Protein chains: 2
Amino acid sequence: MANPMYRQIAEDLREQIESGALPPGSQLKTELELREQYDASRNTVRDAIRWLTNLDLVETRPGQGTFVTEPKTPFVTTLSGDPLTGLGGGEGETFKAEVHAAHRKAANSPVQVEIQNATEEVAARLRVPKDTEVVLRHERRFIDGTPYSLQTSYYPMDLVNRGAKDLQKAINIKQGTVTYLRDVLGIKQVGYRDWITVRAPNAVEAEFFKLPSDGRVAMYEVFRTAFDGNQTPMRLTVTVYPADRNQLIFNSGTVPPPHNAPGQDHTEV
Amino acid sequence: MANPMYRQIAEDLREQIESGALPPGSQLKTELELREQYDASRNTVRDAIRWLTNLDLVETRPGQGTFVTEPKTPFVTTLSGDPLTGLGGGEGETFKAEVHAAHRKAANSPVQVEIQNATEEVAARLRVPKDTEVVLRHERRFIDGTPYSLQTSYYPMDLVNRGAKDLQKAINIKQGTVTYLRDVLGIKQVGYRDWITVRAPNAVEAEFFKLPSDGRVAMYEVFRTAFDGNQTPMRLTVTVYPADRNQLIFNSGTVPPPHNAPGQDHTEV
DNA sequence: GCAAATTTGTTCGTATGTATT
DNA sequence: CAATACATACGAACAAATTTG
């Protein structure tokens with residue numbers, strides 16, 4: 001047996017999908033029909049379909065059938081922005097601007113504020129001792145009604161105690177927190193680092209983004225540490241994006257606005 | 001049935017793994033033992049293990065058993081670099097510098113050169129007509145003997161015709177192609193855009209990186225388009241990194257060198 | 001080096017549950 | 001409510017990879 005039968009069936013179906021014989025959205029034959037067609041057992045056919053499912057080529061719907069996956073329209077977030085005066089890409093108002101420029105509809109949940117003790121990870125990135133009090137500002141973002149990202153910013157509680165009271169109010173800070181902190185405390189953001197990882201979604205994320213709970217769809221996790229003039233972290237912003245509907249851009253030096261790649265939807269900040 | 005039995009078994013094992021009762025690298029009970037323990041069939045136990053496998057919590061080795069996944073030491077590539085005089089991060093000699101600074105051993109395959117007609121994707125990003133001749137320069141990269149990334153750069157054939165003959169020689173261009181193109185043709189790179197996507201590995205990549213062929217491990221794909229003074233693309237560099245062993249950093253503005261996050265291995269360019 | 005034992009991988013058949021039309 | 005289609009679960013047999021004696 002060179003290749004197991006379920007792989008051969010999967011390859012055959014895959015070719016039909018990639019050749020266009022089975023276009024996106026179309027329905028595959030039922031398991032029983034495929035069982036006849038390939039002279040295999042139903043379990044073997046299901047193994048083949050599971051293989052294709054893991055490759056994200058098809059999706060099964062109980063009671064309905066198996067369908068060729070329809071590619072999602074990716075949204076492209078430009079992470080590079082003005083490090084000094086404003087926010088980097090993907091944050092606050094720049095998110096809405098970027099989405100509207102792509103002729104799509106942006107929405108976000110009300111800001112949700114919490115006070116917590118820093119986890120080891122947050123403490124390390126903010127360079128404060130573990131369990132230091134931090135203010136969390138959490139937001140959920142949607143494009144055309146579909147959830148696209150989750151963002152949580154962490155600020156040392158110290159900033160609030162020194163006068164930045166609005167940080168712990170559950171209100172949108174219109175001018176942006178960067179401008180707010182400069183105006184109130186004279187703290188200037190001089191730069192930021194974006195640290196990108198990819199991992200499986202946790203249960204909360206799978207639920208919110210309506211992802212299959214088996215971790216098939218990966219998440220980008222972007223840790224943005226922003227620094228003030230003393231090269232001290234002034235905040236940490238963690239954003240998670242499902243990789244099946246998001247792409248990221250970072251510009252360096254002088255670059256023209258991008259052409260849209262085929263089938264992609266994008267605009268610059 | 002609130003939750004299927006295989007999920008309950010999976011959750012039970014998952015807790016043991018996450019609590020540390022089953023540490024990384026340790027071996028799970030065999031399928032037959034688990035079948036006894038949970039009073040289920042072997043197939044149901046296998047469904048549970050498959051679930052954990054998809055979450056990348058365990059891996060199975062035929063003839064040996066099932067083992068708790070050992071986390072890989074991620075390598076962190078800093079993609080932001082000097083957009084003007086040198087290369088961006090992750091390219092050419094900066095790759096070696098970055099790896100050595102992390103006290104690890106870098107290696108790369110000899111450069112492999114080809115001439116092809118641009119695919120639709122390459123043509124769009126280089127802003128040339130489809131099927132325009134382009135020179136490919138391809139390299140494989142290793143850290144401590146493990147494959148970490150694959151990089152292919154595309155240059156319009158026009159550059160070679162205008163005198164940049166070394167581009168189509170299968171030799172390492174010591175000073176870097178950016179410096180070479182400036183010296184020979186006076187073409188200056190003034191910036192670049194990095195466009196990041198995440199996707200399943202193709203067959204070649206799965207083979208090279210020794211990834212499971214079911215697309216469980218995602219790949220970063222970074223499209224770097226570099227621009228000259230006329231804001232015209234002068235090259236396209238496509239790099240793919242397996243997401244299980246790579247992380248990416250972009251700096252914006254003035255930022256200090258990073259502290260190492262827990263369990264991570266990193267140094268700045 | 002080889003044979004046996006162990007462990008996971010593949011394939012089949014069957015029955016029943018759950019979601020959707 | 002019935003029909004259809006995928007999901008879960010059991011049992012069994014043999015194949016392939018690896019380790020052990």
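A quick note: this is a predicted structure, and the numbers were derived from the prediction, not measured. Reminder, nothing fancy here: chain letters follow the sequence lines and each chain counts from 1.
- The main-chain N or O of Arg216(B) is found under 3.5 Å from a side-chain atom of Asp214(B) such that the two form a donor-acceptor pair.
- A 4.5 Å side-chain heavy-atom check between Arg104(A) and Thr73(A) finds at least one atom pair inside the cut-off.
- Between the side chain of Tyr220(B) and the main chain of Ile196(B), no donor-acceptor pair closer than 3.5 Å is present.
- No donor-acceptor pair closer than 3.5 Å links the side chain of Gln151(A) to the backbone N or O of Glu91(A).
- Using modelled atom types, no side-chain atom of Asp12(A) and backbone atom of Gln8(A) make a donor-acceptor pair closer than 3.5 Å.
- Counting only distance, with no hydrogens or angles, the side chain of Asn117(A) and the backbone of Lys130(A) share no donor-acceptor pair below 3.5 Å.
- Val238(A) and Phe223(A) make their closest contact through CG2-CD2, 3.7 Å (heavy atoms, listed as atom of the first residue, atom of the second, distance).
- Between the CE atom of Met5(A) and the P atom of dA16(D) there is a distance of 13 Å, given to the nearest Å.
- With Glu205(A) contributing its side chain and Asn202(A) its backbone, the two residues share a donor-acceptor pair below 3.5 Å.
- Here the P atom of nucleotide dA9(D) and the CZ atom of Arg35(B) are 16 Å apart, to the nearest Å.
- Atom-to-atom, CZ of Arg7(A) to P of dT10(C) comes out at 9 Å; the value is rounded to the nearest Å.
- Taken over five-pair windows at either terminus, the axes of the helix from dC2(C)-dG21(D) to dT21(C)-dA2(D) are inclined to one another by 10° (rounded to 10 degrees).
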Sub-3.5 Å pairs of nitrogen or oxygen atoms, protein against nucleotides 4-7 of chain C:
residue, atom, partner, partner atom, Å
dT7(C), O2, Gly63(B), N, 3.4

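- With hydrogens and angles ignored, a donor-acceptor pair under 3.5 angstrom links the side chain of Arg42(B) to the base of dG9(C).
- Taking atom OH of Tyr38(A) as the reference point, atom P of dT10(C) lies 18 Å away to the nearest angstrom.
- Between the side chain of Ser19(A) and the main chain of Glu15(A), a donor-acceptor pair closer than 3.5 Å is present.
- Contacts with DNA chain D (heavy atom under 4.0 Å) in residues 48-60 of chain A: Thr60(A), listed by number.
- Of the possible donor and acceptor atoms, none in the side chain of Asp244(A) sits under 3.5 Å from a partner among the backbone N and O of Ala218(A).
- In this structure, Tyr6(B) atom OH and dG17(C) atom P are separated by 17 Å, rounded to whole Å.
- Regarding Asn43(B), its CG atom lies at a distance of 11 Å from the P atom of dA9(D), rounded to whole Å.
- Regarding Arg46(A), its CZ atom lies at a distance of 15 Å from the C1' atom of dC10(D), rounded to whole Å.
- When rounded to the nearest whole Å, the span between NZ of Lys29(B) and C1' of dT8(C) equals 18 Å.
- Using a 4.0 Å cut-off between charged side-chain N and carboxylate O, Arg42(B) and Glu31(B) make a salt bridge.
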